[in-house]
Amino acid sequence: MKKRIFAILLTMIISLPLVLGAAPYNTYNFDPVDNEATPMLDCMVPVQLITGVQLGVGDLNKPNDFRFGLDGQAYIADTNNDRIIVLDSGLNLVKVIDSFESGGVKETFNAPEGAFAEEDGTIFIADTQNRRVVVLDKDGSLITLMADVELTGSMLTFRPQKVVTDVAGHVYVVGAGSTEGLIQLTRDGDFVRFFGSNRVRPNPIEVIYRMFLTRAQRQAREQFVPTEFSNAHVDEDGFLYVTTRNTRTLQVRRLNALGSDVLRHDGIGEEVYGDITSTSVRAGTLAQFQAVTTDEDGNVYALDNSTGRIFVYDNTGQMLFMFGGRGNQVGLFNDAQAIDIKDGRAYVLDAGRGNITVFELTQYGELILLANHLYTLGEYEDSIGPWQEVIRMDAGNTLAWRALGQAYYGRKDYAAAMEYFELGMDRRGYSLAFGQVRDEWIKHYFSVIVIVIVLLGVALSVGVRLASSAIEKRKNREGGEVKAC
């Protein structure tokens, strides 16, 4: 492990002058004290722009989904062109699926918004406006047509927008207007249940305020109903990640088999994703998370459609960096709809412009991911070198200072840990390290303190006795003088 780290660091240092590309956005993280954005060096930069013309399929028209299948190929749901585009791992055109045969009749798609492929090449297509999920084999032959699905106990009409399957083969559908959760189906297309519904978390002040309103006034205000999911992703461990729009907290969740959120939020204040400055979420602006994906280390890449920014978190909920934004330059988006990660590269689909922007990690970004990966594994000692290299490149990175503080805390070098925690503005870490320094000081000087206390006690006792004896002698002397008179 140490040899590998050394080799990576050496390669980065040697190639330090190289520049992958220019970023048209300002990269930042958040100050741990007041949550204000703090600038940092670029971690991911745009290196390629892919259009439908370059792929040989003509212009893409409002594409809504892009993701790499478990078979290694990439799939684009070219929504307004009513087709699915299949690319190989190098993003070269393999084929275009715009129809299939069902019972000897040619069927076409109507505004498909999602596609997902399993390891054997089985493709699940969310044929949105036809209100069905089409399942094809790798050759494009029909396996199952999940149409006219009756959602038991709900008035909702089945209109799939995204579809994924887990390691157990269960089928999960993001349905338009489905506030009950993901729609779970069997492989034959039968409804099983609604899965992982969002919790309703009303504002306490709003609840009190409603107590003084009339029924008509209450009905006119925003209702406390669960919000619908906007997308779904399956990670390498088979867990489902979901994103939610129009909500202030828990916009990204990781669901276990019971539908419970098991994503750690240790590093996220109030479980809020995206911008958390005083001029964003807490001021009333809602982040609109449209898609989520994960890399091989479990880092989470969450796409906010409202700002066009991608926020990157580790598996403890700690934000690492962001990239992207809204605008007209390469690296900025008009209507970002999907994101996926492969071999360290990020692929972001812009429905507004009908193209895909490819991002690569800078040396600085690679260092952060490497250092943080070691850090989250508990390999604090091995993470020190990469974190120190991060600091050498960017002394203002508070995340690195805090991680170094934790590493030196693990070394039991509490004095150094205090210094690093202070530079990282980590009050809790500083307090813990200070407590250890204080306890060590007390332990080191305990015997001296005891001796001093004992000597002071003895001195005090002797002093009291001497004073009492002197007073007694004085009284006796004064008494004898009185009798003589």
Side-chain angles (χ1 to χ4, degrees), residues 63-70 75-79 82 84 97 100 102 107 109-118 122-137 142-198 225-235 238-246 252-261 289-293 337-338 340:
N64 267 267
D65 200 14
F66 171 91
R67 69 180 74 204
F68 287 94
L70 300 180
Y75 295 82
I76 302 173
D78 191 8
T79 304
D82 303 324
I84 304 297
I97 305 174
F100 60 95
S102 176
E107 297 270 359
F109 302 109
N110 187 1
E113 294 185 18
F116 179 85
E118 296 181 321
T122 299
I123 309 170
F124 291 76
I125 300 169
D127 191 7
T128 307
Q129 295 305 321
N130 279 332
R131 300 181 179 182
R132 63 189 181 183
V133 172
V134 179
V135 186
L136 307 177
D137 65 19
L142 180 66
I143 297 176
T144 308
L145 198 60
M146 302 178 178
D148 301 321
V149 177
E150 183 179 346
L151 306 177
T152 306
S154 173
M155 300 294 292
L156 181 70
T157 299
F158 183 66
R159 190 153 63 92
Q161 295 177 306
K162 310 295 178 190
V163 56
V164 296
T165 66
D166 63 12
V167 292
H170 301 130
V171 181
Y172 298 94
V173 174
V174 175
S178 176
T179 58
E180 292 95 334
L182 292 174
I183 300 168
Q184 183 178 343
L185 305 175
T186 66
R187 303 286 293 192
D188 294 325
D190 297 323
F191 176 71
V192 178
R193 58 172 173 166
F194 289 104
F195 182 81
S197 174
N198 282 314
V225 296
T227 49
E228 59 190 275
F229 294 133
S230 55
N231 215 321
H233 162 74
V234 180
D235 69 9
F239 284 93
L240 279 167
Y241 283 79
V242 291
T243 52
T244 306
R245 297 171 64 96
N246 300 318
V252 180
R253 296 168 60 200
R254 186 189 196 207
L255 306 179
N256 62 12
L258 299 176
S260 302
D261 183 19
F289 281 94
Q290 183 61 36
V292 63
T293 191
Q337 283 290 321
D340 208 352

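Asp261 contributes no side-chain N or O that, together with a main-chain N or O of Leu255, makes up a donor-acceptor pair within less than 3.5 Å. Checking side-chain atoms of Arg254 against main-chain N and O of Asp235 turns up no donor-acceptor pair under 3.5 Å. Put simply, the side chain of Asp127 never gets that close to the backbone of Val133: no donor and acceptor are under 3.5 Å apart. Using modelled atom types, no side-chain atom of Thr144 and backbone atom of Met146 make a donor-acceptor pair closer than 3.5 Å. Judged by distance alone, with hydrogens and angles left aside, the side-chain atoms of Ser230 form a donor-acceptor pair with the main-chain N or O of Phe289 at under 3.5 Å. Judged by distance alone, the side chain of Thr243 and the main-chain N or O of Val252 form no donor-acceptor pair under 3.5 Å. Checking side-chain atoms of Arg131 against main-chain N and O of Thr157 turns up no donor-acceptor pair under 3.5 Å. The backbone N or O of Asp137 sits nowhere less than 3.5 Å from a side-chain atom of Thr122 that would complete a donor-acceptor pair. Of the possible donor and acceptor atoms, one in the side chain of Asp166 sits under 3.5 Å from a partner among the backbone N and O of Ala168. Side chain of Asn130 to main chain of Phe109: no donor-acceptor pair is present (N/O by atom type, distance under 3.5 Å, no hydrogens or angles).
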- Message: Using side chain to side chain contact (heavy atoms under 4.5 Å, CB included), reason through Leu145 and Val134 one step at a time and then give a plain yes or no.
- Response: CA-CA 5 Å; Leu145 198 60; Val134 179; 3.7 Å; yes
- Hey, mind stepping through Glu107 and Leu142 against side chain to side chain contact (heavy atoms under 4.5 Å, CB included) and telling me if it holds? CA-CA 10 Å; Glu107 297 270 359; Leu142 180 66; over 6 Å; no
- Task: Could you go through the side chain to side chain contact (heavy atoms under 4.5 Å, CB included) check for Phe100 and Ile125 one step at a time?
- Result: CA-CA 12 Å; Phe100 60 95; Ile125 300 169; over 6 Å; no
- Task: Begin from the C-alpha positions of Leu240 and Phe195 and carry the test side chain to side chain contact (heavy atoms under 4.5 Å, CB included) through to its verdict.
- Result: CA-CA 11 Å; Leu240 279 167; Phe195 182 81; 3.8 Å; yes
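Under the 4.5 Å side-chain criterion, counting only non-hydrogen atoms from C-beta, Phe194 is in contact with Ile183. A heavy-atom distance below 4.5 Å is not found between the side chains of Phe116 and Lys162. Side-chain contact check for Thr186 versus Val192: some heavy-atom pair is nearer than 4.5 Å. At a threshold of 4.5 Å between non-hydrogen side-chain atoms, the residues Asp82 and Asn110 count as touching. Counting only heavy atoms from C-beta outward, the side chains of Tyr172 and Val234 never approach each other to under 4.5 Å. Residues Asn231 and Arg67 are in side-chain contact: their nearest non-hydrogen atoms beyond the backbone lie under 4.5 Å apart. At least one side-chain heavy atom of Val171 sits less than 4.5 Å from a side-chain heavy atom of Arg187.
Interatomic distance, CG of Leu185 versus CZ of Arg193, reported as 11.5 Å (0.5 Å rounding). Note: Asp78 CG to Ile76 CD1 = 7.5 Å, rounded to the nearest 0.5 Å. Distance check: Ile143 CD1 to Leu136 CG gives 7.0 Å after rounding to the nearest 0.5 Å. One finds the OG1 atom of Thr165 at 5.5 Å from the CZ atom of Phe124 (value rounded to the nearest 0.5 Å). In this structure, Glu180 CD and Leu151 CG are separated by 8.0 Å, a value rounded to the nearest 0.5 Å.
By the 4.0 Å N-to-carboxylate-O rule, Glu228 lies too far from Arg159 to be salt-bridged with it.
Summarising the geometry of Ala338 relative to Asn64, their closest heavy-atom pair is CB-O, 4.3 Å, with the distance given to 0.1 Å. Across Ala77 and Pro112, no two heavy atoms sit closer than the pair CB-O, 3.7 Å. Considering all non-hydrogen atoms of both residues, Phe229 and Gly181 come closest at CE1-CA, 3.8 Å. Closest of all the heavy-atom pairs between Ser178 and Leu156 is CB-CD2, 3.4 Å. The two residues Pro160 and Arg132 come nearest to each other via the heavy atoms CG-O, 3.3 Å. Of all non-hydrogen atoms in Ala232 and Val164, the two that sit nearest each other are O-CG1, 3.8 Å.
Side chains of Thr293 and Asp340: a donor on one and an acceptor on the other come within 3.5 Å.
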